Amino acid sequence: MSKNYKYAGSNDYKKVAWYKYNTEDTHDVGSKKSNELGIYNMSGNVTEWCWDRYGNYITNPQNDPYGPDSGSYRVYRGGGWNRRAYDCRVTYRGRDNPHEKFNHDIHIGREGYGLRLCRSSK
């Protein structure tokens with residue numbers, strides 16, 4: 001059951017996230033505290049691409065929304081080693097075009113995006 005933390009596993013980002021002001025690079029998974037499900041690095045370290053298309057939220061409650069049926073922007077979440085602590089919150093989501101060769105992180109150095117593979121039980 002979720003404890004409604006601000007960051008994945010804690011309300012203190014220093015316990016769970018590698019972010020812009022406590023590192024200059026990525027770190028091994030598991031070097032910070034996990035979330036309630038035992039999953040590491042859901043806040044900070046590497047920003048993660050999501051399958052969802054980016055769009056405005058609707059006001060009706062939804063279970064696992066995927067966003068609009070079309071559009072070029074995809075959602076990213078989790079913040080990364082080169083992001084502010086604010087971007088590492090569980091409620092933060094950003095957008096970018098996955099077809100672009102470069103993005104807004106390129107001026108910092110190397111790329112800050114990754115992905116987490118998962119599989120449904122179906």
Side-chain angles (χ1 to χ4, degrees):
M1 175 177 248
S2 175
K3 296 180 182 176
N4 294 317
Y5 289 132
K6 189 173 184 177
Y7 303 93
S10 178
N11 284 324
D12 181 357
Y13 58 87
K14 294 175 186 172
K15 291 182 179 181
V16 295
W18 293 111
Y19 72 107
K20 188 174 186 172
Y21 300 110
N22 72 357
T23 191
E24 294 179 0
D25 205 348
T26 59
H27 291 266
D28 290 340
V29 173
S31 56
K32 292 281 189 177
K33 183 181 174 192
S34 70
N35 68 8
E36 300 95 306
L37 300 174
I39 303 172
Y40 293 91
N41 296 102
M42 295 299 289
S43 288
N45 205 26
V46 178
T47 303
E48 296 179 1
W49 282 113
C50 299
W51 180 253
D52 307 357
R53 285 194 176 90
Y54 189 89
N56 293 329
Y57 284 129
I58 63 171
T59 56
N60 299 337
Q62 292 183 309
N63 185 13
D64 196 17
Y66 291 106
D69 291 333
S70 63
S72 59
Y73 288 112
R74 296 287 182 161
V75 171
Y76 60 79
R77 290 188 174 270
W81 65 270
N82 54 356
R83 306 265 185 185
R84 305 168 299 166
Y86 178 87
D87 301 334
C88 297
R89 296 172 302 126
V90 296
T91 57
Y92 179 81
R93 70 183 179 130
R95 69 177 185 187
D96 213 339
N97 187 337
H99 301 293
E100 296 289 329
K101 185 173 180 180
F102 299 106
N103 67 33
H104 50 82
D105 289 333
I106 203 69
H107 70 277
I108 297 173
R110 42 188 200 85
E111 190 63 43
Y113 289 134
L115 65 125
R116 188 177 302 256
L117 299 177
C118 60
R119 181 177 172 225
S120 70
S121 59
K122 294 179 182 180

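A quick note: this is a predicted structure, and the numbers were derived from the prediction, not measured.
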**OP:** Would you sort out whether His27 and Trp81 count as a side chain to side chain contact (heavy atoms under 4.5 Å, CB included), showing the intermediate values?
**Re:** CA-CA 9 Å; His27 291 266; Trp81 65 270; 5.9 Å; no

**OP:** Check step by step if side chain to side chain contact (heavy atoms under 4.5 Å, CB included) holds for Cys88 and Tyr19.
**Re:** CA-CA 8 Å; Cys88 297; Tyr19 72 107; 4.0 Å; yes

Subject >> Worked verdict on Lys32 versus Tyr40 for side chain to side chain contact (heavy atoms under 4.5 Å, CB included) >> reply: CA-CA 7 Å; Lys32 292 281 189 177; Tyr40 293 91; 5.9 Å; no

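Across all non-hydrogen atoms, the minimal contact from Val90 to Ala8 is CG1-N, 3.4 Å. Heavy-atom minimum distance, Asn4 versus Asn11: O-OD1, 4.3 Å. Residue Lys15 comes nearest to Ser10 through the heavy atom pair CD-OG, 3.9 Å, listed as atom of the first residue, atom of the second, then distance. Pairing each heavy atom of Cys50 with each of Arg77, the nearest pair is SG-CG, 4.0 Å. The minimum heavy-atom distance between Asn41 and Asp28, with the atom names listed, is OD1-O, 4.3 Å.
Partners of Tyr92 by side chain to side chain contact (heavy atoms under 4.5 Å, CB included), not counting sequence neighbours, listed by chain and number: Tyr76, Tyr86, Asp87, Arg89. For Tyr54, the side chain to side chain contact (heavy atoms under 4.5 Å, CB included) partners are Tyr73, Val75, Arg93, Arg95, not counting sequence neighbours.
A distance of 7.5 Å separates CG of Asp69 from CZ of Arg53, quoted to the nearest 0.5 Å. The distance from the CG atom of Asn35 to the OH atom of Tyr5 is 10.0 Å, given to the nearest 0.5 Å. Note: Arg74 CZ to Asp96 CG = 12.5 Å, rounded to the nearest 0.5 Å.
Linking ILVMFWY residues whenever their side-chain heavy atoms come closer than 4.5 Å, directly or via other members, places Tyr7 and Tyr21 in the same cluster. A single hydrophobic cluster is not seen to contain both Trp49 and Trp51; linkage of ILVMFWY side chains at heavy-atom distances under 4.5 Å, directly or through other members, places them apart.
Not a single donor-acceptor pair under 3.5 Å links the side chain of Lys3 to the backbone N or O of Glu36.
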